[in-house]
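For this chain, numbers begin at 1 and follow the sequence in order. Just so it is clear, the structure is predicted and the values come from calculations on it, not from any experiment.
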Amino acid sequence: QVQLVESGGGLVQAGGSLRLSCAASRLAFSIYAMGWFRQAPEKEREFVAAIGWSGARTYYADSVKGRFTITRDDAKNTVYLQMNSLKPEDTAVYYCAASTSTGQAMAVAQPRVDYWGKGTLVTVSS
């Protein structure tokens, strides 16, 4: 019923930029904190960024802070991840997530997530 559909992944050279989008349907979008996670080959899924339901607070993994920006557009039920200065180590499948908890609760060791997207692949070449 609830669907989160990511788009915008692809191949980019190191130092380049990419913008990911996540469109939500059948979801009371404005009351959900939204976030992005990623999973590289042979690694566990890790937190990347989150934004609170109001958009007032954002959270980032240390590895992406200063390079990535998360935003949301409630009118379009869409959350974005602008990725700049990409590095090969950013290569991963990126997953969109929605939570009835807070954005901060998505950034901890046991993230509280109610819905997941299927992911979009980002490949950064050297």
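- Residue Val5 is found outside any hydrophobic cluster, as its side-chain heavy atoms come under 4.5 Å of no other Ile, Leu, Val, Met, Phe, Trp or Tyr.
- Counting only distance, with no hydrogens or angles, the side chain of Thr91 and the backbone of Glu89 share no donor-acceptor pair below 3.5 Å.
- Leu20 and Val79 fall within the same hydrophobic cluster, where Ile, Leu, Val, Met, Phe, Trp and Tyr residues are linked whenever their side-chain heavy atoms come under 4.5 Å apart, directly or through other members.
- Across Ser101 and Ala33, no two heavy atoms sit closer than the pair O-CB, 3.6 Å.
- Evaluation of the side chain to side chain donor-acceptor pair (under 3.5 Å) test over residues 103-112, restricted to residues two or more places apart or in two chains, returns none.
- Of the residues listed (Tyr80, Trp36, Tyr95), the one engaging Cys22 in a side chain to side chain contact (heavy atoms under 4.5 Å, CB included) is Trp36, and it is the only one.
- Sequence neighbours left out, the pairs with a member in residues 24-40 that pass salt bridge (Lys or Arg N to Asp or Glu O under 4.0 Å) are Arg38-Glu46, Arg38-Asp90.
- Taking hydrophobic clusters as Ile, Leu, Val, Met, Phe, Trp and Tyr residues chained together by side-chain heavy-atom distances below 4.5 Å, Leu18 shares a cluster with Phe68.
- Note on Leu11 and Val93: separate hydrophobic clusters, where clusters join Ile, Leu, Val, Met, Phe, Trp and Tyr whose side-chain heavy atoms are under 4.5 Å apart, directly or indirectly.
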Taking only distance into account, with no hydrogens and no angle test, what donor-acceptor pairs under 3.5 Å do side-chain atoms of residues 47-59 form with protein atoms, sequence neighbours excluded?
unit_1, atom_1, unit_2, atom_2, d
Ser54, OG, Ala56, N, 3.2

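- Under a hydrophobic clustering in which Ile, Leu, Val, Met, Phe, Trp and Tyr are joined whenever their side-chain heavy atoms come within less than 4.5 Å, directly or via other members, Leu27 and Ile70 fall into the same cluster.
- Contact detail for Asp73 and Phe29: the closest heavy-atom pair is O-CE2, 4.1 Å.
- For the atom pair OH (Tyr32) and OG1 (Thr102), the distance works out to 14.0 Å, reported to the nearest 0.5 Å.
- Residues Met106 and Val113 have side chains in contact (heavy-atom distance under 4.5 Å, counting atoms from C-beta outward).
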For a quick test of your reading: what N or O donor-acceptor pairs under 3.5 Å do the side chains of residues 114-126 make, sequence neighbours left out?
unit_1, atom_1, unit_2, atom_2, d
Asp114, OD2, Thr100, N, 2.7
Asp114, OD2, Thr100, OG1, 3.0
Thr120, OG1, Gly9, N, 3.3

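- Between the CG atom in Leu4 and the OG atom in Ser25 there is a gap of 7.5 Å [rounded to 0.5 Å].
- Considering only residues two or more places apart in sequence or on other chains, Asn84 meets the side-chain hydrogen bond (donor to acceptor under 3.5 Å, both in side chains) condition with Ser17, Gln82.
- At most 12 heavy atoms of other shown residues, nucleotides or ligands fall within 6.0 angstrom of atom CD in Gln13.
- Nearest approach of Pro111 to Val108, heavy atoms of both residues: CD-O, 3.3 Å.
- We find that Asp74 and Arg72 are joined by a salt bridge, their nearest charged nitrogen and carboxylate oxygen being less than 4.0 Å apart.
- The shortest heavy-atom contact between Met34 and Ala98 is SD-CB, 3.6 Å.
- At distances below 3.5 Å, at least one donor-acceptor pair connects side-chain atoms of Arg67 with backbone N or O atoms of Ser85.
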